[in-house]
Each structure stands twice: as C-alpha cells, then as structure tokens.
Number of protein chains: 2
Amino acid sequence: MKVVTLEPSVADARTHAQVYDALSEDLIQGQIPPLMSVSLRTLAQRYGVSPMPVREAVRRLIAEKALELQPENKRLRVPHLTEHRLLQLMKARQWVESELAYLAAPRVDAELIQRLKDDDDTLMKALATGDVTAYMQANHDFHFCIYAHADADLLYDMARTLWLQAGPFMRVVFARMGTVHLPKDHHQDMIAAFERGDAEAVRASMAADVHEGMELMLDALRSQSEPDKKRRRAGK
Amino acid sequence: MKVVTLEPSVADARTHAQVYDALSEDLIQGQIPPLMSVSLRTLAQRYGVSPMPVREAVRRLIAEKALELQPENKRLRVPHLTEHRLLQLMKARQWVESELAYLAAPRVDAELIQRLKDDDDTLMKALATGDVTAYMQANHDFHFCIYAHADADLLYDMARTLWLQAGPFMRVVFARMGTVHLPKDHHQDMIAAFERGDAEAVRASMAADVHEGMELMLDALRSQSEPDKKRRRAGK
DNA sequence: CGTCCGGCATTGTGATCACAATATGCGCGG
DNA sequence: CCGCGCATATTGTGATCACAATGCCGGACG
C-alpha cells in the first residue's frame, strides 16, 4: 500500500490527530472498501508513524463505527452495511442533515452561494467525465460547507460520523453505477431556496437529496444480494 | 478517590472495554461532575489497572464527547455544557429518542410493560425519598429498556452518546432541584400508550418527556449564570 | 490430488519507559 | 499579609517490548 505523507502543514498537531484526519478522509472518500482488513502496524507503516498514534486514531474511529473489531477474529476491518443498518443511517441522515441545512439557511451569504454553485459545477463535470473520486469530493464539499454555516457543532459532528459510516459503501455504489444515474438535481433547488431565504424549502430539498442518495445505496445493496464474499487484504 | 473493582464477572472482556463501561456508567450517572479534571494515571489507579487501557477507553469517550481535552492545557476533564450546546442536545435527543420509542412501540410485550411500571415505581420512590442516584438510575433504565426493544442499534448508540454528554450536568440539576420539581408524569402516559399500541402517542409522550427534562436543565443553566468557576480536582 | 496438521508470521492488547509541557506548591521579597 | 518566581510533581504522548491468540502457508499422509 502506498505510503502517504500526512499533512505536514500543522506540525504542532498531535500525531494521532493527523492520523485520524488522514484515515477518516480516506474512509469518507471511500478509498478503503468495505470488508477490507487493516492492521495497526500496516497503517502505521502507511502513514510513516509508529503504531502508537494509530491505535488512538483507530480507537476513535471504532467508537464512531467507521471501523470495527470483529468479535470472533478480534481483527480490524471496515464494516459492512446491512440493509437494516443502512435504513437507520438513512433516517438519521435525513433528520440531521435537513436540520443542519434549515439552521444554515438564515446564515448563508453571497460567498457561500457562489461556492455552492462552483461545487455543483465541478460535481456535474465529475459526473460527465465519470470521475468517481472527484464526484465524491465535490458532493462532500457541497454538503459540509452548508453544514459548517449552521453554527451547530454537535449536529455537524453527528453528520460527519454518519458520512464516515456511509462513505466506503457510497463509493462502491457510485463506482458501480458508473455515475450514469443522476436522478434529479436537488442541489439546484436547494441553492435556489437558499437565495430566496426559504428555510423550509431548503430543509425539504436536503431531505429529498439525502433520501434519494440513500435509496440508491439501498437498491444497490438489495441487488447485489450475495454475489461476493471476497475479503480483500490490506497488503499492496 | 475510591478504588472501584470493575465488573469481575466477564474476565474475558478486554480491560479497556471494562474501563470504558465503568467510566461511562459513572458519567451517565453523573458521578463525575462537569469541569472535574481527571487524569489517565488517576483513573488507572482508581480502577486498579495500568494507564494503557485507560488511554483507550478515554480516547473513545473523547470521541463521544463525554470527555474533552482542553486545547490550551491539553488536560483531560468533563466538558461543561453551554446553552448553545444544550439546545442542540435537546433537539437531537427529542428526535432520536422519540423515534426509538416509536420503533419500539409495536415490539413491546407484557414483560416490558411490567418492567416499565416497576422502573417508574422505583423512580417515584426515589423522588419521594430524595435519592438522586436512585432516581438517575431508574430514569436511565426506564428509557433504555424501551430503546433496547427498538431493534435499532445505530439509533440506540446515538441515544447512549447523547446521554453520556448530558449525564454529568443532569445530575447537577436534579441534585439542585432536590427532586422536588416533578412537572408531569409522561412516563404514565407512555406506558398507557404502549398498552394501547398507539405508536404515535408513544412518540409524542417521549418527545414531551425529553423536552421537559431538557427544559429543566436549560432553566438551571440560565439561572446559575456565572456563580461558580470552581475547578474541582480528582484527588480525594 | 485432496485434506489435515504443524510451525511461523501477524494480529491486538497491555506494560513500561522517556520526554516535553504544564500545573502545583513552597518560600522569598515586598 | 499578599503577590511572585522557581523547583518539583504530574500530565498527555509516543516508542518499544512481551505475550497470547489467531491466520496463513506448506508439507505429509491418505
């Protein structure tokens, strides 16, 4: 596995925090597929640090259910999403993220609007070119630069945790879909609602957007049923 | 600080998990007041283990925001609840816990009903005698034996995390109130709704119960304003 | 050729040590 | 009596080692 230099910008930050940031970004972007096994020493080597800070970062990610410790194996891996769990994720995401959008609505400024439009642009471009990574990135940025304006750190962290859980599987789905399927652009509606200052419409758009995205994942989960039990390993 | 032997029943369980369980129970019960400083070595001594498993347990509790690492000090303590944060906690608790109650409604059996009645009994007794600890315990049991029936582990864990954050402050408030103030018994309504199988009524009762409890905490937070800046230490 | 089994490598966990940063407590000077 | 500064203790963090448990791989046997 490729060695990644982890954000040398803030040398002051604690190592385990840097590892956490790097690892969680990889997970949200879906760089590490579901059921992939990882190990403390492997990750330590990957990020060029000792196993110690990795243990702390991983412990936190386990608490956030972005990683799991298999009870029988006691080995570390990226969790698999069951339909049952995905349904709960959908409910939670719908409430948390529509609430966040609702809270952000009265606080948006022209700068945010422009940024949202730009993000949506790059998102559409990524869809056109079939660049899954760019799509994931743009979609993430679109949502979270809204949430950052809600001035609600607790809800923000809840949303982040939920994305952390959905991330790996989201990547798989969108990669499979080939980015062909673009159901309807709730993002445009949302931007328009922001410009009108219509908080309720913003909330509805966000709920619809999340619902549709998760519905896609749900379909993919149901269709794939039981084709593969492949347990990919971390080694190069 | 008193030394606590941590659940010798399951000797197989990992030490850090036992420490986590013990520590989180103490926090939910409000045994450790807000702004109390703790330290890895102190806790290790308290539970009779080495600092290592404590580090892991604490790391998880930090992730769940039941503990915080002061950015300036880099020292460990129980977080203080601001009004801003408490409002978010209230919103989140209302949604998550009323949803859990709603999901549990069709799954209740006679046994659960009886247990809820018993719990409510001991809760009333605790109120009468002014036993804050017993009240906290009974109230916690009442709520979570409902949530356990919802078959929704993700939402259940969200609720647990929210209680973890509210716990220490809840204790302070109820201790101050002297358990005198008993606004209205939503628990009775809820039990009745469970017996009727009226899921919507259950949801409403739970939302009202949570709302009222948090409103109490909100009042207490506003009234106390800025009386004390005491920073209690962990030492005996 | 298939299957079991035995040894080796790798895993997570816990303990202990080192270290820089900070708080704490004591004594001195005012 | 009160504030201030310095020495000491305590803190979180990271590194390294030990160990039991499990996975993995290869050879031997049927």
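The model shown is predicted, which means the values in this text are computed figures rather than measured ones. A, B, ... follow the sequence lines: proteins, then strands. Residue 1 opens every chain.
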Taken to the nearest whole Å, CD/A/Q18 to P/D/dG14 is 9 Å
Tell me whether the side-chain N or O atoms of B/R14 pair up with the base of C/dG12 as donor and acceptor below 3.5 Å, since no angle test is needed here.
no
Considering only heavy atoms and no angle criterion, is a donor-acceptor pair shorter than 3.5 Å present between the side chain of B/R75 and the base of D/dG12?
no
Can you name the ring pair (Phe, Tyr, Trp, His ring centres under 6.0 Å) partners of B/Y156, sequence neighbours left out?
B/F144
B/M52 CE to D/dC19 C1': how many Å, rounded?
15 Å
A/R115 atom CZ: more than 12 heavy-atom contacts under 6.0 Å
no
Verify the distance criterion only: is there a donor paired with an acceptor across the side chains of B/R75 and B/S39 at less than 3.5 Å?
no
With no hydrogens and no angle check, do the side chains of A/S24 and A/R60 hold a donor and an acceptor under 3.5 Å apart?
no
Check the distance between C/dT10's P and A/R77's CZ and give it to me in whole angstrom.
22 Å
Closest-nucleotide mapping onto DNA chain D: is A/R41 or A/A17 further toward the 5' terminus? I mean the 5' end.
A/A17
For A/E97, side-chain hydrogen bond (donor to acceptor under 3.5 Å, both in side chains) partners two or more places apart
A/R93, A/Y147, A/W163
Grab the CG-P distance between A/L69 and D/dA21 for me, whole Å please.
16 Å
Among C/dG14, D/dG14, C/dT11, which nucleotide sits nearest the side chain of A/P53?
D/dG14
For B/H84 and A/D153, does a side-chain donor sit closer than 3.5 Å to a side-chain acceptor?
no
With nearest nucleotides of DNA chain C determined for A/L40 and B/P51 from heavy-atom distances, which residue corresponds to the more 5′ nucleotide?
A/L40
Is B/T42 near enough to D/dT11 that one of its side-chain N or O atoms lies under 4.0 angstrom from OP1 or OP2?
yes
Salt bridge check, A/R171 against A/D26: does any charged N sit closer than 4.0 Å to a carboxylate O?
no
Between B/K74 (NZ) and D/dT13 (C1'), how many Å, whole number?
10 Å
Check this one for me: any side-chain N or O of B/S39 less than 4.0 Å away from OP1 or OP2 of D/dT10?
no
Note: contacts of residues 55-64 of chain A with DNA chain C (heavy atom, under 4.0 Å) are A/R55, A/R59
Separation of atom CG in B/L76 from atom P in D/dT13, rounded to whole Å
8 Å
Separation of A/Q45 atom CD from D/dT16 atom C1', in whole Å?
17 Å
Tell me: CE of A/M36 to P of C/dT11, nearest whole Å?
14 Å
